[in-house]
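Residue numbers start from 1 in every chain, and the chains themselves are labelled A, B, ... in the order their sequence lines are given, proteins ahead of strands. Excluded from the calculations below are hydrogen atoms, water molecules and symmetry mates; all remaining heavy atoms, backbone and side chain alike, are included.
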2 protein chains.
Amino acid sequence: MKPKGFVRRTRQREVILEVLRGTKGHPTADWVYQEVRKTMPHVSLGTIYRNLKTLSEHGEIQELAFGSTHSRFDANKEVHYHFVCEQCGLIEDLDMPILEGLEEEVAQRGYRVVSHRLEFYGLCPDCAADEEAVSQAN
Amino acid sequence: MKPKGFVRRTRQREVILEVLRGTKGHPTADWVYQEVRKTMPHVSLGTIYRNLKTLSEHGEIQELAFGSTHSRFDANKEVHYHFVCEQCGLIEDLDMPILEGLEEEVAQRGYRVVSHRLEFYGLCPDCAADEEAVSQAN
DNA sequence: GTAAATGCAAAGAATTTGCTAGCCC
DNA sequence: GGGCTAGCAAATTCTTTGCATTTAC
């Protein structure tokens with residue numbers, strides 16, 4: 001017997017995954033939509049949303065919300081941390097080691113921990129440089 | 001000379017702050033609205049949103065987005081970490097020490113770090129207990 | 001007195017959903 | 001061929017905004 005929620009391979013779904021895997025950014029649903037339309041002009045935004053949801057439910061991608069109103073998606077399935085630039089909006093993966101033992105620490109408080117997220121906020125290198133230039137000018 | 005963005009003390013703003021400080025939850029704008037209406041039936045949702053925005057811009061409260069589409073607000077101004085139950089939606093503050101040195105580690109990569117957020121996802125103690133009961137029943 | 005804030009309603013933005021037709025396995 | 005999916009558009013949900021009036025300082 002086939003599993004109930006069997007996920008079918010469709011052309012749309014493949015293109016969406018390709019697009020996500022082909023970017024280092026952390027795109028929004030709408031960005032993905034625009035990209036997919038370059039290949040499939042008739043794709044609908046509803047399909048994008050449904051597939052992004054399905055893919056993240058099946059662990060193929062990660063759905064992330066960084067403070068703002070809309071979600072961002074990441075094809076990087078590994079646990080990793082992010083930096084968010086409050087000036088230009090850039091979101092980057094940080095190449096720092098996963099903190100071991102943290103989840104155990106929380107588990108000792110009675111929680112069953114499945115995952116964790118760590119994000120840093122501030123200015124990215126470029127924006128930090130710009131700001132220094134401005135403050136020197138004054 | 002008064003600062004430009006001078007914030008006036010209004011009754012609405014006071015009630016909103018009171019409501020937020022009076023709960024340990026991490027309420028949504030709409031929950032705050034319902035609470036404030038108990039005291040001020042004529043308050044408008046727009047006022048709630050405008051004030052929540054103003055308050056968080058002035059550091060009186062924190063605005064948080066936990067994966068879902070809508071924001072939550074927290075009158076706890078101190079840096080602290082959260083646990084999010086994926087079953088019942090509960091969001092709790094964790095009484096664990098702030099990780100020192102983390103921001104420095106990121107700063108060494110060229111970023112100017114202002115803050116960081118750490119969240120754990122999984123099952124809260126109650127939901128974890130429920131699940132164990134179910135799995136034993138089978 | 002005047003700038004800031006409110007209430008109300010309408011507009012916006014992001015996401016979800018109902019329905020019919022089509023495609024995958 | 002049965003059921004998951006797509007396309008399309010309408011509906012929801014959350015949040016923001018314009019404007020006339022009120023209020024804080």
* Structure fact -> For nucleotides 7-13 of chain D, 5' to 3', base contacts (B), sugar-phosphate-only contacts (S) and non-contacts (-) with protein non-hydrogen atoms under 4.0 Å give BB-----

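Atom pair A:Y33:OH and C:dT16:P shows a separation of 16 Å (rounding to whole Å applied). Going from atom NE2 of B:H58 over to atom C1' of C:dA4 covers 12 Å, rounded to whole Å. Here C:dA5 presents its P atom at 12 Å from CD1 of B:I16, a figure rounded to the nearest Å. Regarding A:E14, its CD atom lies at a distance of 13 Å from the C1' atom of C:dC23, rounded to whole Å. Atom NZ in A:K53 sits roughly 16 Å away from atom C1' in D:dA6 (whole-Å rounding). Atom C1' of nucleotide C:dT6 and atom CG of B:L52 are separated by 15 Å, given to the nearest angstrom. The separation between B:R37 atom CZ and C:dT6 atom P is 17 Å, rounded to whole Å. Between the P atom of C:dA13 and the OH atom of A:Y49 lies a distance of 13 Å, rounded to the nearest Å.
Residue contacts shown for A:N51 are limited to sugar-phosphate atoms, with no base heavy atom under 4.0 Å away.
For B:D93 and B:H26, the side-chain atoms include at least one donor-acceptor pair closer than 3.5 Å. For the residue pair B:Y121 and B:E119, a side-chain donor N or O sits within less than 3.5 Å of a side-chain acceptor on the partner. Using modelled atom types and a 3.5 Å distance limit, the side chains of A:D74 and A:H80 yield a donor-acceptor pair.
Annotation: B:R109, atom CZ; neighbour count of heavy atoms from other residues, nucleotides and ligands within 6.0 Å is above 12.
Contact of the B:R117 side chain with the B:Q62 side chain is not registered, since no non-hydrogen atoms from C-beta on lie closer than 4.5 Å.
Contact annotation: B:T10 does not reach the phosphate of C:dA4 (side-chain N/O to OP1 or OP2, under 4.0 Å).
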* Would you write the dot-bracket representation of DNA chain C, where each base gets (, ), [, ], | or . depending on whether it forms a Watson-Crick or G-U pair under 3.5 Å and with which partner? => |||||||||||||||||||||||||

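Classification of the B:F66-B:H82 ring pair by plane angle, with boundaries at 30° and 60°, yields perpendicular.
Residue-to-nucleotide proximity on DNA chain D shows that, of B:T28 and A:R13, the 5′-proximal contact is made by A:R13. Comparing B:R11 and A:D30 along DNA chain C, the residue whose closest nucleotide (by nearest heavy atom) sits nearer the 5' end is B:R11.
A distance of 9.0 Å separates CG in A:D30 from NE2 in A:H70, rounded to the nearest 0.5 Å.
Between A:E86 and B:R112, none of the side-chain N atoms (NZ, or NE/NH1/NH2) sits under 4.0 Å from a carboxylate O, so this pair counts as no salt bridge.
Follow the hydrophobic side-chain contacts under 4.5 Å out from B:L52 and you reach B:V43 in the same cluster.
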